[in-house]
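Remember, it's a predicted structure, so these values are computed and weren't measured experimentally. Atom set for the values below is all heavy atoms of this structure, side chains included, hydrogens, waters and symmetry mates excluded.
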Amino acid sequence: MKCEGGRRCKPASGQMQQFSYVYILKSDSGAEHFSVSLTKDLKARLEKHNAGEVPHTSRFRPWQIKTAIAFTNRERAAAFENI
């Protein structure tokens with residue numbers, strides 16, 4: 001990352017910041033079910049949950065993302081997920 005004047009940090013040109021997301025899903029099945037997990041690709045992961053490809057969440061489809069928090073450090077995201 002390149003910081004200008006100590007205020008804003010931007011990825012060097014040509015680089016894209018990679019985030020890890022801790023997200024909370026809420027079931028739209030009528031039951032009060034929630035799931036918390038970690039991913040690098042929110043859209044793809046939600047599609048897998050709603051396609052029934054994630055055994056832990058397949059019974060309570062469909063799901064929607066209620067909250068997602070982005071972390072630049074995967075280890076910190078994993079620690080936050082386990083709080």
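- Between the Ser27 side chain and the Phe60 main chain, a donor and an acceptor come within less than 3.5 Å of each other.
- Rounding to the nearest 0.5 angstrom, the gap separating the CD atom in Gln18 from the CZ atom in Arg74 is 10.5 Å.
- Glu81 CD to Ser37 OG: the interatomic distance, rounded to the nearest 0.5 Å, is 5.0 Å.
- There is a path of hydrophobic side-chain contacts, each under 4.5 Å, that joins Phe80 to Ile24.
- Taking all atoms of both residues into account, the shortest heavy-atom contact from Leu38 to Ala77 is CD1-CB, 3.5 Å.
- When all heavy atoms are compared, the tightest approach of Trp63 to Lys26 is CE3-C, 3.4 Å.
- Put simply, the side chain of Arg45 never gets that close to the backbone of Leu42: no donor and acceptor are under 3.5 Å apart.
- Note: the hydrophobic cluster containing Tyr23 does not contain Phe34 (ILVMFWY, side chain heavy atoms under 4.5 Å, direct or indirect links).
- Leu25 and Val36 sit in two unconnected hydrophobic clusters of ILVMFWY residues. Membership requires side-chain heavy atoms under 4.5 Å apart, directly or through other members.
- Rounded to the nearest 0.5 Å, atoms CD1 (Ile69) and CZ (Arg76) are 14.5 Å apart.
- Of all heavy-atom pairs spanning Gln64 and Asp28, the tightest one is NE2-OD1, 2.7 Å.
- Looking at every heavy atom in both residues, Ser58 comes nearest to Gly52 through CB-O, 3.8 Å.
- Leu46 and Tyr21 fall within a single hydrophobic cluster, where Ile, Leu, Val, Met, Phe, Trp and Tyr are joined by side-chain heavy atoms under 4.5 Å apart, directly or via other members.
- Contact detail for Ser35 and Thr57: the closest heavy-atom pair is OG-CG2, 3.7 Å.
- Nearest heavy atom pair, residue His49 against residue Arg61, reads O-CD, 3.3 Å.
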